[in-house]
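Handing you this structure, nothing more for now.
Keep in mind that the numbers below use all heavy atoms, side chains included, and drop hydrogens, waters and symmetry copies. Just so we're on the same page: letters track the sequence lines, and every chain starts at 1. This is a predicted model, so every value here is computed, not measured.
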Amino acid sequence: QVSDGVVKIGVLTDLSGTYSDLAGKGAVLATKMAIDDFVAAEKPGFKVELVSADHQNKGDIAANKAREWFERDKVDVASELVTTSVALAVQKIAKDKNKIVLMSGPGSTAITNESCNDVSVHWTYDTYALANGTAKAVTQAGGKKWFFLTADYAFGHALEKDASDVVKANGGEVMGAVRHPFPGNDFSSYLLKAQSSGAQVIGLANAGGDTINSIKQAAEFGITPKQSLAGLLVFITDVHSLGLKNTQNMYLTEGFYWDLNNETRAWSKRFFDQHKRMPTMVQAGQYSSTMHYLKAVKATGTDDTAKVMTQMKKTPINDFFAKNGKIRDDGRMVHDMYLLQVKKPAESKTPWDYYHVKATIPAAEAFQPLSASRCALIKK
Amino acid sequence: MNKDIILQTRGLTKEFLGFKAVSDVNLEVERGSIHALIGPNGAGKTTVFNLLTKVHAASSGQIQFKGQDITRESQVQVARRGMIRSFQISATFAHLTALENVRVGLQRKRTDSFNFWSSQKRLDALNGRAMELLEAVDLAQFADIVTVEMPYGRKRALEIATTLALDPELMLLDEPTQGMGHEDVGRVVELIQKISANRTILMVEHNLSVVETLCDRITVLQRGAVLAEGDYATVSNDPRVLEAYVGVDA
Amino acid sequence: MEIFGIPSQAFFGQLLLGLINGSFYAVLSLGLAIIFGLLNIINFAHGAQYMLGAFGAWLGLNYLGINYWLALVLSPLLVGALAVVIERSMLKRLYQLDHLYGLLLTFGLALMAEGLFKNFFGVSGESYEAPELLQGGMQLGFMYLPIYRGWVVVAALTVCLVAWYVIERTSLGATLRAATQRPDLVQALGINVPVLVTATYAAGAALAAFAGVLAAPIMQVNPVMGSNLIIVVFAVVVIGGMGSILGSIVTGLGLGVIEGLTKVFYPEASAVVIFLIMVLVLLVKPAGLFGKQA
Amino acid sequence: MTTPTHSHSSRQTVLLFAGLILVGLIAPFLVYPTLLMKLLCFALFACAFNLMLGFSGLLSFGHAAFFGGSAYITGYLCRDLGATPEIGLLAGTLFGGLLGAVFGLVAIRRAGIYFAMITLGLAQIVYFLALQMGFTGGEDGMQGIPRGQLFGLIDLSDNLAMYYFVLAVFLLGFALIHRTIHSPFGQILKAIRDNEARATSLGYDVARFKLIAFVLSAALTGLAGSTKSLVFQLASLGDVHWHTSGQVVLMTLLGGLGTLLGPVVGAMTIIGLENQLADKVGSWVTVIMGGMFVVCVLAFRRGIVGEIKAMLQGKGR
Amino acid sequence: MSSAFNPNGEMLRVTGLHAFYGESHILHGIDLHVNRGELVTLLGRNGSGRSTTLKAMLGLVGRRSGSVMFNGTEINQTAPHRIARLGLGYCPEERGIFAGLSTEENLLLPPVVASGGMTLEEIYELFPNLKERRNSPGTRLSGGEQQMLAMARILRTGAKVLLLDEITEGLAPVIVKKLGEVIRLLKSRGYTIVLVEQNFRFAAPLADRHYVLEHGHVVMTVPKEELAARTGELHQLLGV
Ligand SMILES: Nc1ncnc2c1ncn2[C@@H]1O[C@H](COP(=O)(O)OP(=O)(O)OP(=O)(O)O)[C@@H](O)[C@H]1O
Ligand SMILES: Nc1ncnc2c1ncn2[C@@H]1O[C@H](COP(=O)(O)OP(=O)(O)OP(=O)(O)O)[C@@H](O)[C@H]1O
Ligand SMILES: [Mg+2]
Ligand SMILES: [Mg+2]
């Protein structure tokens, strides 16, 4: 039985900070689209409500809000949660309160390893998948010598480590790394160091504004044509704001691109009409996870956490976002990822036409294998 | 001579970036006297006070207080030895009541000033003495008035009461009558007379009639140096003083 | 040849980069120092004014087709005009009060400006191209120097020199210096000090905006670009000695270089080295390196 | 001899505390307890900060270091070393005080803007350490700090129990601040704030008084931070960021500088607004906060409590 | 600057002037007037309010009330820089030499407000010391030189009404003599002067009229014709 006859979905996202472009209002919109589509198509016997809040990328604000939602406002699921610190905090609270978390925005692999639990689903991507996708492809394509520009905090370190492992596993070599304070604004010193290291590829193990400025300044110092950049965490909004001139030829990995096939184009067009920007993978993933959850509630006829989780895990995900996606026991939703290369300005035909799809990384390869999992739920 | 000298300076000099504000001042203040320091504006009177109370360090020279060399001591140490000053610009604690102002003075000698855990009710024990002091300066009716709200002349009186609370052996008063009306001046003069009973007072004063009524001895400074010294009659007839300070030939 | 274990080539490269960043610090801290010197106000809005300068250039280009060179003049003028409004309507009332209030007011203004721009432009920032003339780079032997960066150093140093010259060597500057010392008396001598004060605030803000336009092609034009920088610039001004013009220029450049070298030897600490230096300097010289003891 | 002011003020004190306790006791039945706990933590933080700015006249722009630093210490003890909450809080408070002593020794002889800048600089260094040292979890923050069992008896994971515990901590801290302000020490502190030169000339070692006040303020700030880390089971970089220092200035200013209740009111207003606004106006929060600063400085320099007081007094006279 | 109306009439008239510094009430209703080309002195003991009278006329005190007419215009609400630009030159008691400026910069600081001011050459001729030291920082000058500088800088502006506060204070007799000559020269050129002095001997032969102040009141007015007769009275008031 659905309690009170209402399923309440909370979107806890960054509405004002660094990640508000790649998640933010667009993620709320995607959730709303999912709910509307679900209600229209499935005519459920319960009501679906949406609440949203700005966590300002602060763990304590997020934790506070999530508690309030779970304890007071009868919210059944907290979703999106861009920024790892926010995700980790909310994951813990959800477990305490026995509620579901659907994470589309955050990237850290800690979510499905050290911090894993049985109420969380990590939907769209993680740093392992990004690093793995990009680093592997670039190394295999001949970029053997790497140098890392790493944001000096846990997230950056993890990204660097994941990518280094992949580089080495594929016969590459890491020439060095420099750790820059976070956030920074001038990266020229580090880039110069990277330049003189003799590496072919500069791996950007940072995010957001740091990545953007690194890319921009690499172009400025004439580094990019000779050495290539590999963005380990780059979103389409970043490419959009940098422009193709600065980003051309860069490799990156995403879980979604609007221009993959008719289905993605159709959905993205609907999204674009309302948001005036193409969806990021986070926003697309947000739609997908919400829809999957709602379908599970309908299927089980209850909003009971354990039952819904079981249902979600046993049902494969098939929509415009994922083909045969599957939620593993550690909470990781595995699906295909895409290796992309940024087009040259001349190759871009229409607005937001930014990527060449170089390869599809099959779900089985894209994510950290369960054998390497540090999640306590995984019995080895 | 066996005068009882409470304060003595030898060769006291203060330079500000090459400018000698006080130069080679030898000052002797006799215990129990009222001693005045006068001189034109900028003669260095306030600076002498600042040197004595260690607001500034002397460039050279010595200061002896009660026979001890205090040249290298700190403001706090000097105050604790019993030399307390008032300021040229009124210096009260503006947001405390008159009573509390005086208690700040009384509290100094107690050991509990660092007690942040005990109630200030302990301080009520001081109220009796504080009221006495307020009465002595004719401020009893202002006891519960916050100082900012008091008239200027009363504040000067309050400052004196606070200074008195420490029962200083040597009081330095910097222009105690400055900015006061006729009646206030009279009151302060009386007050100083009253409190001078068993202590020494060194004061800076421009009002010569005040100096005349009160002071036993007068030192005239000009451009940082001592120009003349003596009792009022001597000094006020000294042609150099008339020239430099009063500005009229005799 | 090696210097401290790194090839001398790279070393010179890093020095030059430090100097480039230092010239931003110099222009920004110069503006702050001028404002503090005359108005006794700690202008927390300086970072926001820098950001406004950059956005001015970007908006001008994208909506009005105003090119870089024009923006370099117009954007500071516009920000200066805004500063006039701020000074006339708000700051003016605070001169009698503690520094604290000026700081808090400008802090509030900075928050508002930042918040507004976040609302309209998001935070990932906008890209601004360097003008044709300054694109590309030069091989200096020890490094490849983007022409634009070279221009930044030249432009920033020129502005600093001009500002220094105006303040230290002209009659306007003499009036300014006199007014810092005794505004009432200067006014009694027939100089319109209130207007001078307004103009000074506007000039300081315009300097910040100028730095913003200079920065636009290098960094992403971004609503938070100023708030990330402002704290460091404060430290620079404090180290140089509040209100000292020369102090802020020299310290700005010097700290840019020190920070640059830290990035080479101990990159993790480069964000904090300036604060360490600040604490040490203030312990030894309480009024800063070039400040006069109060 | 008791002057009228005193009996008056002690009656006020009793009323004040009775009122606070009463409101505190019934509040969780009207308002969501976790929000209340956050309020209390920040109210304590602001009160402790006010002890510095409002009663000693020194603007510290580095109080976040004590707040966040202590939160990390408590979190580390309780989560990684299995300490009980009371030990965690005690250690956090001590740590805050210690850090305060370090800051104080460096900064206390400077005044005004230099004091603000030095404290800010030192706090930036603490921020840097928090980012770098492994045990803090860096950017991810320190998650999952257990609330634990108070004295081994009371299970704090129950929200109401936790709430009353936080209320007790707050009241304790508040009472200590109240007492400090109305102690012989506080009297001298006020005198120093009014006229430092005069206090020195009377023979008070001003720097020592300020240092003690600073350490007290830092320790109580630490207590607030530690408590917060238990409430949210989280310590994060946001707690040590200079924005937090700025926020507490705003709370104090908005509520009323140098008034006892001002910081409490200020904290409630800001936290409450933040809570309300976050959902409704989204990204306009920053603009509104900025606007509040501006309005406060231009129009309500005395803050909410200060203005009310002035109004009442104006009427009374 | 010459106004067609009232060619030899009043340049300055002060009526009921009150002034306050913070909470202390310094001037209690000062009345005085100065005609064109006249020199009047304000005498009195230290602290009697003479300097404050000048400052209040210029709007430099915290709070003031009463009327100040300058050449037929009420200036009590006028901003200080406007007053100066009407042609009022002020030489403050503490000289007000600016430390950050060189001697010449100090000299050139006040804007020219009317034609007919002295040129730099004339000034240097009058005060050769200043010429010699024109590039050294203003506050490195000796006290006397600073005093000359403070005087000299208002002579350049073309202001024809001068308010001079204790210009002989702390100066060697020879410089005092020199200043006496300068004042005489100015008078002969038709300047109107208000002179605050302690040095009665200096002021007496120059003045057309003396005002004696005490506690912020004008307690005596002595035209120069009556000076000889009333010297005793005057001395008593001045506390000699
Ligand atoms: N801190 C300082 N730095 C530089 N010069 C100073 C300083 N303090 C005082 N002076 C100078 O020293 C001289 C003496 O000043 P002081 O205040 O002692 O005079 P005073 O005799 O008290 O005068 P008044 O009667 O006006 O109070 C003045 O010329 C003054 O400008
Ligand atoms: N800035 C000020 N703040 C407070 N009181 C002041 C201030 N300036 C002057 N006074 C007071 O105002 C009164 C009159 O001062 P004023 O300077 O006019 O005296 P004066 O007659 O020029 O004497 P002298 O110049 O010899 O000191 C004095 O009691 C003086 O102490
Ligand atoms: Mg003096
Ligand atoms: Mg005078």
Q.
Parallel, tilted or perpendicular, judged at 30° and 60°: which one describes the rings of Tyr355(A) and Tyr257(A)?
A.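 Judged by the thresholds at 30° and 60°, the geometry between Tyr355(A) and Tyr257(A) is tilted.
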(Q) Please classify the contact of Lys216(A) with chain C as side chain, backbone, both or neither, using a heavy-atom distance under 4.5 Å. (A)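 The side chain, not the backbone.
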Q | Toward chain C, the part of Asn213(A) with a non-hydrogen atom under 4.5 Å | A |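 Just the side chain, heavy atoms under 4.5 Å.
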Q) With sequence neighbours excluded, what pairs up with Phe55(C) under the ring-ring contact (aromatic ring centres under 6.0 Å, His included) test? A)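 ring-ring contact (aromatic ring centres under 6.0 Å, His included) check on Phe55(C) returns Phe117(C), Phe121(C).
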Q | Among Arg149(C), Glu129(C), Met219(C), residue most engaged with chain A (heavy-atom pairs, under 4.5 Å) | A |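 Winner by heavy-atom pair count: Arg149(C).
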Q: Check the surroundings of atom NZ in Lys161(A): do more than 12 heavy atoms from other residues, nucleotides or ligands lie under 6.0 Å from it?
A: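 Atom NZ in Lys161(A) is not crowded, with 12 or fewer foreign heavy atoms closer than 6.0 Å.
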Q: Output all residues satisfying ring-ring contact (aromatic ring centres under 6.0 Å, His included) with Tyr19(A), sequence neighbours left out; order by chain, then residue number.
A: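 If we apply the ring-ring contact (aromatic ring centres under 6.0 Å, His included) test to Tyr19(A), skipping adjacent residues, there are no hits.
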Q: Please determine, among His180(A), Lys245(A), Glu220(A), the option with the most heavy-atom pairs under 4.5 Å with chain C.
A: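 Greatest number of close heavy-atom pairs with chain C: Glu220(A).
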Q. Where on Leu17(C) is there a heavy atom nearer than 4.5 Å to chain A: the side chain, the backbone, both, or neither?
A.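 Side chain only.
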Q: Just say parallel, tilted or perpendicular for the rings of Tyr68(C) and Tyr128(C), cut-offs at 30° and 60°.
A: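 Answer is tilted, since the angle falls between 30° and 60°.
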